[in-house]
Amino acid sequence: MLAVHKPDQVSTAWVRKESGGASNMTEGKNIPNSSADVPFRSKELRKQSLIQHTGLVGVIDEGTKTIGFSIYTTPDFNEIAAHRVELSVISPQDGWYEQDPLEIMASINKCAEEAIKQLPEHGFSSSDIVSVGITNQRETTIVWDAVTGKPLYNAIVWKDIRTSSTVEKIVAKVQDPNHFRNITGLPISTYFSALKIRWLKDNVPEVRQAIRGQRCKAGTVDSWIVWNLTNGALHITDVTNASRTLLMNLETQNWDPVLLKTFAIKEDMLPTIRSCSEIFGKITSERSALRGMTLSGIMGNQQASLLGQMCVKPGQTKNTYRSGCFLLCNTGDKPVFSRHGLLTTVAYKLGPQAPTIYAIEGAVSVAGHALSWLQNKMRILPDSRDAEKYAEMVPTSGDVYFVPAFTGLYAPYWRQNARGIIIGLTQFTRKNHIVRAALESICFQTRDILECMHQECGYEINKLHADGKLTTNNLLMQLQADTIGMPVFRSQLMDSTAFGAAMCAAQAEGIDLCKFEPEKRYYENVHYDTFLATTTDVERKERYGKWKRAVERSLGWVIKQKKTREHTEENYRMLSSLPASIFLISSFAMLVHSFAATAQ
Ligand SMILES: Nc1ncnc2c1ncn2[C@@H]1O[C@H](COP(=O)(O)OP(=O)(O)O)[C@@H](O)[C@H]1O
Ligand SMILES: O=P(O)(O)OC[C@H](O)CO
C-alpha cells in the first residue's frame, strides 16, 4: 500500500508519474544534469523558494560507482547545478576491486568544472560558492608519495576481499573476530582500511620504499581528495571516515597506538583526525575550478545520508539503497557496542567542540550490485532500472530465494566463506522470478539488520527512512515494507547524502541549512512517500524463515581461500612477522581499555 505522506498526514494515492527525476538516474558514462534536475522527486517540489539566498554550497560526492559535484542554494536546499560521471572499477582477480586514484581526481575536477559552467544561467557565479563539502565512499584506501603526489597503487575498494587469509590468520591468533571491537566498534574484517594498508605495505615494493623514505601517506578517499585539492598542504580526515579504518579509538577519537602497532602502521603516514564541520582550509589546486574556495565539510557517505535524512534523534534509522545497503541507527552521544555483528561508528561531529554522535550500522555488501550482475553478467535484465518492470510481471518470486553473497556476507553474519546461491528453482522458474528474488534479497538483508538493531539497542524501530538511487524502484520499497512489517518513508530528496554533506559544510560557515530539524526546512511540500506493509505477521514469518534457510545454505561454501598473490608473495608475513608479544601487548591494552571504561 502506497501513500504520499505529508508531515503528520497520510494522504491520497501516490501517482507514479510524479516521481520524476529519471534523468538523474541515468547510468551513462557522463550523467548530464540540467537545472531541471533539482534534487526532489516531485515536480511540485522544484518550485524555487522566494527566500533570500545566503550563498551556495558545493558538494563533492565520491561514491563507489558515481562521482558528482552539485551546487546547492542556502538556506533552502535546491540543487541548481550538477555534473556526474561514472567511475571505473578494475577487478584483476575474483574478489579484488580497485579504482584509479588519478581518475578519481580527474573526475572530480571535471564534475566541478562542468557544474560551475551551469551557474550563470541561474544568475550565479563561482564566487557565490561559500563553502565546499566532501562526502565519499568509506574504507577504500589509497597510498601515495608525499613528494611526487603520485599514487603508489590503485585505491583498494571497501568490498575487496584480498586480505581474507590475513583476517583468518589474525582471528585464529586472537581467537576472536571481535578482539578489537571495544576499541574500534568493528570486527576484524577485510572491509576496513587497516587490513588494506597492511596489504599494500607487504605487497607493493614502491609502498615499502616510500615508507622507508618517510614519504608515504595513506588515507581514505576523502584524505586523497583533500591532499590534492590543497596541493599537499593538508593531510586530514574526518572522524566518520577515521572510525572505519579499524585504527581509530572510538573513545579518544585518535589513532590507537595498540592498533597501529598490531597492523605495523606508522602514525606519520596517516591523516590528522578532524571533526566533520569546520574551516579546514582553502582549495589551492590550479587543476580545480574550485580554487580559492573554502573546504569546510567532510563526511563518510553513509553517515552523511543519516544526517541528510534528519535521523538526529536516538533510535532514528535510515537505509541507503545503492550498490550496497547501509543501515544506520542514531544512538546519541554514547556508543552502543554490538554483540550481534553490527558496527559501532561515529555518526557525526558537527564542529571541533561539538559532541560526538554515534550510530550502530549494518552493512549489506551486495544490494543494487545484484541487479547490475543480472544485467551485465547474467544478461537477464537489459538495465538494472528495468528491475521493477520485470519483477512486477510475476506476482511472487515463485519460492525462489537469491542470497547474493558474492564476496561473503557482511552484517550480521560476517562470513567470508559464504557464496551466492539462487535456490528453489523449478521448471516453472522464469527470469522475472529471479529478478524479483534479487529485489527481495535486498529486503531480507535489511530485515536481518533491523532485527539485530532492535536486539542491540532496544529501540522500538517502527519506521524506516529510505534513500539512494535504488529507491526509485517502487516495488522494492513496497516489498521492503512487506518484509519488515513497518512503514518505509522514502525521502523526497533525491540525494540525502549530498544534503548531509552540504549541511556540514554550510554550518562551518555559519549558515544553517534547515537547522537539522525537518519542521524547519524551508520548503513546505511533501517530504516522504510512505509505503505501508500489506502482509500479515504469519506471512512475514514464513517467508523470512525461508530466507534464513537459504542463508544457512550459502554459508561455508568456500572451504579454502583461492590461492592468490597474497598467499604466494614471499615477503608477505603479516602474522608470522607479527611477534606474539604484540598480541600480548594488545590484549593487555584491551584489558586496560576495558578497565578504564568500567571505571568511568
Ligand atoms: N533506477 C534504478 N533502478 C534500480 N536500480 C538502480 C537504479 N539506478 C541505479 N540502480 C542500482 O544502484 C546501484 C548504483 O547506485 P549508485 O548510487 O550509483 O552506486 P554507488 O553507491 O555504488 O556509487 C547499481 O548497482 C544499480 O544496479
Ligand atoms: O558509494 P557507496 O554507496 O557504494 O558507499 C560505499 C560505502 O561507503 C562503503 O562503506
Side-chain angles (χ1 to χ4, degrees), residues 19-29 31 41 60-68 84-89 97 99 104 107 134-141 155-160 186 189-193 196 220-222 240-241 243-246 299-306 319-328 343 345 359 361-378 381-392 404 406-407 410-411 435 438-439 442 467-477 494-498 500-501:
S19 71
S23 52
N24 255 359
M25 299 295 159
T26 310
E27 282 198 24
K29 197 65 192 146
I31 307 173
R41 293 176 200 272
I60 296 170
D61 185 354
E62 195 280 331
T64 317
K65 196 159 185 283
T66 312
I67 289 188
R84 297 182 176 90
V85 295
E86 285 198 357
L87 190 60
S88 16
V89 177
Y97 296 93
Q99 288 180 320
I104 293 176
S107 306
I134 298 172
T135 182
N136 57 291
Q137 53 168 318
R138 308 156 311 158
E139 301 95 17
T140 298
T141 302
I156 301 186
V157 177
W158 54 276
K159 59 185 167 189
D160 185 292
L186 311 173
S189 160
T190 54
Y191 187 16
F192 307 110
S193 314
K196 302 181 200 295
T220 37
V221 186
D222 54 312
T240 62
N241 275 294
S243 73
R244 317 292 299 191
T245 56
L246 201 68
M299 280 194 103
N301 57 8
Q302 302 309 325
Q303 285 91 335
S305 76
L306 183 78
N319 192 10
T320 300
Y321 298 78
R322 290 169 55 152
S323 304
C325 262
F326 300 90
L327 273 94
L328 273 80
L343 312 176
T345 200
E361 172 175 331
V364 170
S365 166
V366 176
H369 183 55
L371 303 178
S372 305
W373 178 77
L374 291 177
Q375 173 193 337
N376 301 322
K377 300 285 168 53
M378 292 295 104
L381 254 187
D383 192 298
S384 52
R385 285 168 292 172
D386 297 324
E388 182 172 12
K389 192 172 72 193
Y390 273 61
E392 264 177 350
F406 297 158
T407 53
Y410 280 7
V435 174
L439 292 179
I442 300 170
D467 67 279
K469 264 188 190 171
L470 224 53
T471 61
T472 41
N473 188 317
N474 296 313
L475 179 63
L476 173 73
M477 295 290 93
M494 285 282 289
D495 206 335
S496 316
T497 305

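Just follow the structure's listing: the first ligand is 1, and inside any ligand the first atom is 1.
- Ligand 1 lies less than 4.0 angstrom from a heavy atom belonging to T472.
- In the model, T497 has no side-chain atom that pairs as donor or acceptor with a side-chain atom of N301 under 3.5 Å.
- Partner of F326 under the ring-ring contact (aromatic ring centres under 6.0 Å, His included) criterion, chosen from W158, Y321, Y410: W158.
- Using a 4.0 Å cut-off to heavy atoms of G63, the atoms of ligand 1 that qualify are 23 (O).
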Measure from every N or O atom of ligand 2 to the protein's N or O atoms and keep only the pairs below 3.5 Å, writing each with atom names and distance to 0.1 Å.
residue  : atom   : partner : partner atom : Å
ligand 2 : 1 (O)  : T64     : N            : 2.9
ligand 2 : 1 (O)  : T64     : OG1          : 3.1
ligand 2 : 1 (O)  : N301    : ND2          : 3.1
ligand 2 : 1 (O)  : R322    : NH2          : 3.4
ligand 2 : 3 (O)  : R322    : NE           : 2.9
ligand 2 : 4 (O)  : T64     : OG1          : 2.5
ligand 2 : 5 (O)  : N301    : ND2          : 3.0
ligand 2 : 8 (O)  : R138    : N            : 3.0
ligand 2 : 8 (O)  : R138    : NE           : 3.0
ligand 2 : 8 (O)  : N301    : OD1          : 2.7
ligand 2 : 10 (O) : R138    : NE           : 3.3
ligand 2 : 10 (O) : R138    : NH2          : 2.9
ligand 2 : 10 (O) : E139    : OE1          : 2.6
ligand 2 : 10 (O) : E139    : OE2          : 3.4
ligand 2 : 10 (O) : Y191    : OH           : 2.8

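- Shown here are the side-chain hydrogen bond (donor to acceptor under 3.5 Å, both in side chains) partners of T345, two or more places apart in sequence or in another chain: S243, R244, Q303.
- Remark: the E62 side chain and the Q99 side chain contain no N/O donor-acceptor pair separated by less than 3.5 Å.
- Taking distance alone, with nitrogen or oxygen atoms compared against 3.5 Å, G368 approaches ligand 1 more closely than that limit.
- Near H369, meaning under 4.0 Å from any of its heavy atoms, are these atoms of ligand 1: 25 (O).
- Under the side-chain contact (heavy atoms from CB on, under 4.5 Å) criterion, V366 pairs with H369, A370, P404, F406, not counting sequence neighbours.
- Under a 4.0 Å criterion applied to the non-hydrogen atoms of T66, ligand 1 contributes the atoms 18 (O), 23 (O).
- Considering backbone and side-chain N/O of R322, one or more are found under 3.5 Å from N/O of ligand 1.
- The option from C325, S323, S372 that lies nearest to atom 20 (P) of ligand 1, judged by heavy atoms, is S323.
- Compare R385, K65, Q302 by their heavy atoms: the one nearest to atom 14 (C) of ligand 1 is in K65.
- The side-chain contact (heavy atoms from CB on, under 4.5 Å) test applied to S189 returns Y191, F192, W414, not counting sequence neighbours.
- Between the side chain of T141 and the backbone N or O of E139, at least one donor-acceptor pair lies under 3.5 Å.
- Pairing each heavy atom of L470 with each of L476, the nearest pair is O-CD2, 3.7 Å.
- Residues T64 and V157 approach most closely at CG2-CG1, 4.0 Å, considering heavy atoms.
- Nearest-residue assignment for atom 10 (N) of ligand 1 (options L470, D386, T471; heavy-atom criterion): L470.
- When only modelled atom types and interatomic distance are considered, S384 and S372 share no side-chain donor-acceptor pair under 3.5 Å.
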